[in-house]
Amino acid sequence: MKHMPQDTMLTTDITRPDPLLVAQGLTVTFATDQGPLRALDAVDLTLAPGETLAVVGESGSGKSVLSLALMGLLPGTARIEADSLTFEGRDLTAITERDFRALRGTGMSMIFQEPATALNPVRRIGDQIVEAIRLHEDIPVRKARTRAIEALAATGIPAPAERAEAFPHQLSGGMRQRALIAMALVHRPRLLIADEPTTALDVTVQAQILDLIRDLARETGTATLFITHDMGVVAEMADRVAVLYAGRLVETAPSAALFSSPEHPYTVGLLGSMPQMNARGEPMLPIQGTVPDPRVMPPGCHFHPRCPFAAGACLTDRPALRQVRPGQMSACHNAPLIETLGGAT
Amino acid sequence: MTAPLLELRGIRKEFNLARGFFASKRILTALDGIDLAVGQGETLALVGESGCGKSTLGRIVAGLLPATVGTILFDGDQPGRGKARARQIQIVMQDPFGALNPKMSVGELIAEPALLHGLATRRTAPARVAELLRLVGLPEGVAQRYPHALSGGQRQRVAIARALATDPKLIVADEAVSALDVSVQAQIANLLKEIQARTGVSLLFISHGLSLVHHISDRVAVMYLGRIVEEGPAADLFARPRHPYTRALISATPEPVPGAAPDRLALTGEVPSPLALPTGCRFRTRCPHATKLCAEVDPPLTGEGPVRVACHLADSLPTYHVQKPRPAARLQSAIDLYRAAAAAQTAA
Amino acid sequence: MMSDMSMTEVAAGSAGRTWRRMRANPTMLIAVTVLLAVLLFALIGPMISPYDPYETALRMRLKPPSAAHWLGTDSQGRDLATRLMYGARTTLMLGLAGVTFAALVGGTIGLLAAFYSRLDNPLMRLVDVMLSFPSILFGLSLAAMMGPGLDSLILAIGLSIMPGIARISRGAALSVMAQDYIDGGRVIGLPDRTLMSRYLLANAYAPILTYTTLAFGDAVLLAAALGFLGLGLQPPTAELGSIAAEGRSFLFIAPHVSFAASALIFLIVLPVNMLGDALRDAADRRAS
Amino acid sequence: MAGRLAHRLLISLFVLLGVLLVGFLMLQVMPADPAAAIAGAQGTEAEIEAIRRHLGLDKPVMVQFALYLSRVVQGDLGQSIINSASVFEQIIGAAGPTLELMCAAMIWSLPLGLCLGIVAALRRGGMLDRVVMAVSVMGVSIPVFWVGLLLVQFAAKTRAFPIQGRAGPIFTPDGFPHVILPATALGLILLGPVARMTRTTLSEALNADHVRTARAKGAGPVRVVLGHALRTALLPIITLVGLQVGSLMGGAVVTETIFSWPGVGRLAVNAITTGDYPMAQGAILFLATAFILVNVAVDVLSELADPRLRGR
Amino acid sequence: MNDFAVARGSLGMRARKPSRLVPFALTAALAAAPLAVSAEGTVTLGRTLDADRYDPHRSSALAAAEVLQMIGDTLVTLSPDQKTVLPELAASWDVSEDGLTYTFHLKDGVTFCDGKPFTANDVVGTMDRWLKPDAPHVSTWRAGEVDSVTAADDLTVVYKLKVPSSNLLYQMANFNFIMIDPDQAAALGDDFGVTGFNGTGPFCLDSWKPRDEVVLTKHDGYNWGAPELGNAGPAYVDKVIWKIVPEAATLVATIPAGEVDASYTVPKWAIAQFEADPTVQILTPESSYRTSYIGFKTSRPFMDDIRVREAVAHAIDQEAQAEALYFGLAQPTESYFAKNVLDYPADTDTSAFTYDPEKTKELLTEAGFTMGADGIWEKDGQPLKLTYYGFNEALSLDIGQAVQGDLAKVGIALDVENYDSTAIWGKLREETYDLYEMSYPYVSAGDALNLYFNSASIPSPNRMMWNDPETDKLMAAGNAAITPEDRAAAFEELTRHVHEAVLWKPTVEETPIVIAGPRLEAFVPAGLSGAVFDSGLNLKLK
């Protein structure tokens, strides 16, 4: 289906007229043995400088593909199409690989889910940060090393000079994630993409890392694209939230709005299935069924097979992302939910 | 509580990590003096962060690992071994991808324990399989399929059906929902509770996620570095946690309400290596309240009343009341709407 | 019960899949074609050939290829093509027997070592000792020790291939042992032998089979090398390595004897290795 | 690390003892009767008996093994039955040429295999990849002796290289041409496996998270491939090369025979076929020891290359 | 003289016009390979095998003989036709009437390589060492039944026998009789002939790198060679290098290239090509006797029946072997030894040895065999299935297969087993086979007969297990004969007797062929021992 941008005019935040990142109709298709596989389907996103946007989605929602697509790190089997994809006004689909490389690490940086594997296991932490520095700045190794230790210190790593000499396996998971954060922020990028950075960590360490990311981003004025599946983390981190389901953006809203009045059934289900939203001893509210196989996506609304409200057009027509209230958009034929369905039940 | 179904006394588990003749002996104490009981039809949750020993304990209960020291009583007796134990205790594991033999169809997987224990014959097996599949909410047709053709949630349902096939009295659910998508976790948690309600099976629910534990368990045991640091009824423990670690754990769990976690009891550092345990209280290196006594004396798990706690300062620390944030009204009505529609759909 | 039908379904499905995959992959197609051709040559050839592989005709020796003798004659004046048919048959049989022996013994050792951790150390030390002999030296010593003959040759080939298979089997079995379903089987009370067959072997056999396929190539090469070094089967038994060795004496006047035999060995080993590679690639793809 | 190394060496020692015993027993049951061999075609009974006594072959097998072991422990590998030369000296004399040959084989095949593997990994699924993999599978499928014989014929026709023997150390102008053909034949054994292993491990490494991190930092392709992916991929390659030394030794046996290279492989084959017990045992012991030591060295090298293995 | 422990490929053959041309001349192609050419004054000789040691008392290998012949001398030697005994270290000798005492008068002025004079005591020391009881020394039968060897004075040796030995002087030309330095032998022990050899030959042992090369340097002042054999000394060349080139095919390339100056171990297929190459010389000895045969083990079932032996003999086609396997470079034969050797009776009946497969069938039928269903003759339910031992070496493997093929054609199954040249001697002493393949050199009928047919030589080298009083009696008579006539009579009688018994199937006679490169002056190779370069005195560069 042809994407129609006029329906989805982004009116997110008029106080920030120059968005840092704009993606419109971002579509990513992988060539596989079984034919093309659409991992992202016409996704629209904007991100203002300094803002934290949380992208929420379960496995198969395409959230990691989104982050890699923005970083230009997708493998060769992936094809990216977009009506528009710009970073600080530069068209990322037209940029040369060399220019993109110069942008990575300086303009935009990324931290990953598995700190255990995201660091090169055979090189010292300090050396890896020094490399990150010297890739973009022509300064002597000694100076770079001092900078690297400062960056480590800024993440709250105790004894940073010693840690710089350590190999990744000699550090705990939390320390490794700190080192990765230090490496990602060493050039004070305008955008930090954090792809499930705390999923592999224990909850007490997660709390530390979340605080760290928030503080550092605030301090450096870095915008954050925070990818997670945990609504609790979203509530804690995000200014604005985008909910992905099966490759499509189903809802986007300021954090407060999303948690007080979600307008897409999937978002409701996601929040409702959290234990905190259920009374103790009562059965929890599950979302029935499972995420669809990306090779056999259902027609119409991708969520309709699992949606308790699905009827009529949901089964045949793709719902467009439309504004429900200022700053909040939902791709649901029934939005706003309570107004549309409240009387029916 | 009547006589417990399962009783653990002084369980200790050591692993020798040393390999070879010259390597010095490296003993890792994974569990140290665990006393615990699970009542008939009860759900006991074991919570703690990675490396605390909760899974090791689960495996010892299931008979997959021997305890180095300690007594296990099942129905007041020594539990059986091999086939006998299988009739008493089953386990559902975390990884729904690795827990099912990929070379066997779902039907074979579920029939296997029933056939092995003489609970079904070749002739009656299909019926038994169908019954178990119904019990876990899977269509009968799934029996012909192989695990790789199922989704994670479906696989976990198959694993549960297989565990139920021997009619056990206790099921160890070892992080049984952790690997699933959030939207599916609730399905499986519901299923376990439903089965418990129907069959009266006891659950040893092992998890690192506090919210879910809070929701589904009757009693909770919080573990830290091979020890139980606090244990008691879930409602009490979550409302007024007494051990600093329990408190930190609860406060570190993000709540789905923006701006709800301002007074976080942040813990510094990370769990120490179990190969180099701190002296005295194991938690003292990260405890904001640690005193000299904590460094010298290892606090025992004690307490009058339902809650037991292993902390010198348990009585002197100010009470910590956990205030569960309330969801916004509009969200609550959206959820209610959803629940009603879902219920209507299921009914139809 | 339900397994009968589902198994046939799966079998049919996988055969169809295999064929589709093969058609999509020209290397596979070439490999299978060459292998079939060699097999036809070795198995059907002897029935069609007008020549006796053992009847000597000294005065006809070392003749170059001609209309009567497509590949010429060997050092005893026998039809080389016919000799090669029988030789290929012998060599294939040697490789197959050696590798079967190795797979049975090595596979068992590997599985036992992985399953019973207390057997791991002693069994693997034994395998280490065997691995410390470069395989040709091992084969050489064994063939020399037991005297020339079919049994000793198969044993020599089998024993020198075996440690590799034992290691691979152990590795494959260990990674299966790390899977939860082994404990899943244990916890429902399955006896060890069921665990080892239905759980461990059923899931570990694929990499073992892949390696064994590649080891078959090695076995054939080893058999040929032993034959070449004069420790193979005794004349007049046709065996490709010894045909190559016989021809080597006359390399400069009748290179066709050595080269045809060597080339045939190559044509046996190459498609087998290609298939092994394809199997391995497929496994790699599945894993990733 | 020192403890681990000591442990590794001790295990190797056990393995060696096993090798020694197997080698000894193996040769005990060989059909060759050295006394009869020495006596030759017209050796009479009395002469053969005298020779047998002289060689100590009339003693019980276990006594012979014990004597042998005690001598080995003292560093004495005994004397050749056939020509009473010191086994140790003969092996040391032959070890040089074998080492030369193996080094010469590795010097071209290792870098080439590595390059081919890198190219294949970077162009995985492409035409170049297929060509490289085809070459590599052919390399492992071809009988070494055929390569040898083809090279002999090639050299005989083109008159390009000497085809026989060794004319002094290979780094001398006289010696070098002689090693070209045998090193070519032998190196081919290594080429395929190295290219294949490089391709596999490098492809894996290229998909590794830390390589993605490096790319996210803005590292260019050369740095990503050589500095990050290859550096972690090197480990299994080193291990493979260690194990391949075994096949290289096997190949050396055939290659040395075809090209008359005076190395240990030929020495071993000659000794086995001539029933020269001490020489055969010595040669086997030497080859096995060398193989074990190479793999201990590979272990150490791996530990140096991979900090994860250190201090474990 | 006797068969040497040497692989068959190294044996020479008679140079004859080849019956057919080898199709593709490769030698020219090989010629340009950039090999190192020998230095001025140095002759490089190529061979495929090295010797175990260079000790005339502990080696029976041809490879040892060919070096020892250059670095040592015997008391006497033989003329090129091998019929006349010539002086070497002994200037002259007397034989007593009863044939029991030989008195040798040594040449004066003979010295060892280290400068020490050679005296009668050295002869005594040499013989004492060789014949010392229980020492691991070989071929002692050649010395006859020695009573004593003593030095009458510095230059006179008295050699006393217990029984006459009509062949003694011929045997004394053999390399086992090479005179050593007994003091050195005692000092070196097991290392004698390995780390050093102090001899009186025209060359001195300089160095030996086992399985690589032996370097010999000229023995200055040497002048005691036999003039009848050409140069009496000193040697023309300064240095002789014996180079091991294990691959015979490789050796082919080295000769035209000049890396190797001469060799006789080139493979037979290459000879025809060399004939077409003007730069290469093909040299053959005046006389040299070597016969190949298939031996029958008469102690075995089936083979104890002379009709079976004869049947087998008729089934083997020696002409095809000579033509195809030897490339026409050997002559088919029907007798155990060449018809022109000393004491061979012209009237020997050799009709049992002709190729006549029809006769095989007759004889087997006569012996009570019937043709079995599988095409194999059988008797009393036992199939006529025989075992054959051969050498694990190219030509021998071919012979084995040819014999097998021939026997298969007449319905006799043959199990061929091949052993390496060192393993086979042990195997041949066992009672596990029926036929074996061998070739052996000899100088006379008496030499050959003594070697093989005496019952005292059972089981080795009398591998036929021929235990026959008549043979022993005639042998003793021949050996004890004082006059040539008596000796001839006895040996001729014995020759006829053993031929009648059909103990072997003789196949071919061959003469060694020396291939010499362009640098070497032509010379007449020696026939004796198969050590074609003999003392090396005749090697001369152009």
Side-chain angles (χ1 to χ4, degrees), chain A residues 31 64 67-68 70-77 97-125 127-137 165-170 176 179-180 183-184 186-187 189 192-193 195 200, chain D residues 1 4 118-129 198-199 201-239 298-312:
Chain A
S64 285
S67 63
L68 292 176
L70 296 177
M71 287 294 289
L73 292 180
L74 283 174
T77 52
E97 173 57 29
R98 177 181 291 270
D99 287 347
F100 211 145
R101 213 184 298 149
L103 199 58
R104 278 183 221 128
T106 56
M108 51 170 82
S109 270
M110 186 161 178
I111 54 177
F112 300 94
Q113 174 174 358
E114 290 287 344
T117 54
L119 285 161
N120 189 328
V122 301
R123 300 179 65 179
R124 293 173 200 278
I125 300 286
D127 294 344
Q128 298 190 46
I129 301 176
V130 166
E131 185 191 27
I133 294 171
R134 284 170 38 92
L135 272 168
H136 301 287
E137 255 178 87
E165 294 304 308
F167 287 100
H169 72 278
Q170 293 166 323
R176 286 195 279 245
L180 274 165
M183 194 156 79
V186 75
H187 291 293
L192 173 69
I193 298 177
D195 186 356
Chain D
M1 165 134 186
R4 264 175 52 77
I118 291 173
V119 167
L122 292 179
R123 296 271 174 275
R124 190 149 187 175
M127 200 58 219
L128 258 174
D129 180 24
T198 306
R199 171 179 179 264
T201 56
L202 189 59
S203 314
E204 262 167 35
L206 282 171
N207 288 324
D209 282 356
H210 71 84
V211 168
R212 203 172 51 186
T213 307
R215 292 174 64 208
K217 287 197 286 198
V222 175
R223 184 179 286 267
V224 164
V225 173
L226 298 182
H228 288 273
L230 190 61
R231 219 170 130 171
T232 42
L234 219 49
L235 204 70
I237 301 173
I238 292 174
T239 311
V298 161
D299 274 12
V300 173
L301 213 62
S302 305
E303 296 200 5
L304 289 180
D306 190 343
R308 283 168 296 186
L309 298 175
R310 265 179 249 164
R312 207 175 48 187

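Naming: A, B, ... by sequence-line order, numbering from 1 per chain. Given the structure is predicted, the values throughout are model-derived calculations rather than measurements. Just the heavy atoms: all of them, side chains too, but no hydrogens, waters or symmetry mates, feed the values below.
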Problem - Minimum heavy-atom distance A:M110-D:A216, with the two atoms named - result: CB-CB, 4.3 Å

Problem - Considering all heavy atoms, the nearest A:A132-D:K217 contact - result: CB-CD, 3.2 Å

Exercise for the section: For the residue pair D:H210 and A:E114, confirm or rule out a side-chain donor-acceptor distance under 3.5 Å. Expected result: no

Exercise for the section: Pick one of side chain, backbone, both or neither for A:L68, based on which atoms fall under 4.5 Å of a heavy atom in chain D. Expected result: side chain

Exercise for the section: Indicate yes or no: at least one non-hydrogen side-chain atom of D:D209 is less than 4.5 angstrom from one of A:Q113. Expected result: no

Handout entry: Proximity breakdown for D:A208 and chain A, heavy-atom pairs closer than 4.5 Å
Key = neither

Fill in the blank from the handout: Scanning both residues in full, the closest heavy-atom pair of D:R215 with A:G72 reads NH2-O, 4.2 Å

Exercise for the section: Tell me, for A:Q128 versus chain D, whether the close heavy atoms (under 4.5 Å) come from the side chain, the backbone, both or neither. Expected result: both

Practice task
Select one option (side chain, backbone, both, neither) describing which atoms of A:L119 are under 4.5 Å from chain D's heavy atoms.
Solution key: backbone

Practice task
Check whether A:I111 gets within reach of chain D through its side chain, its backbone, both or neither, counting any heavy atom under 4.5 Å.
Solution key: neither

Exercise for the section: Just give me the residue among A:P75, A:A102, A:P121 that pairs up with chain D most often, heavy atom to heavy atom, under 4.5 Å. Expected result: A:P121

Practice task
Before giving the answer on side chain to side chain contact (heavy atoms under 4.5 Å, CB included), spell out for A:N120 and D:T213 the whole-Å C-alpha distance, their side-chain angles and the decisive distance to 0.1 Å.
Solution key: CA-CA 8 Å; A:N120 189 328; D:T213 307; over 6 Å; no

Exercise for the section: State, yes or no, whether a side-chain contact exists between D:R212 and A:M71 at a heavy-atom distance under 4.5 Å. Expected result: no

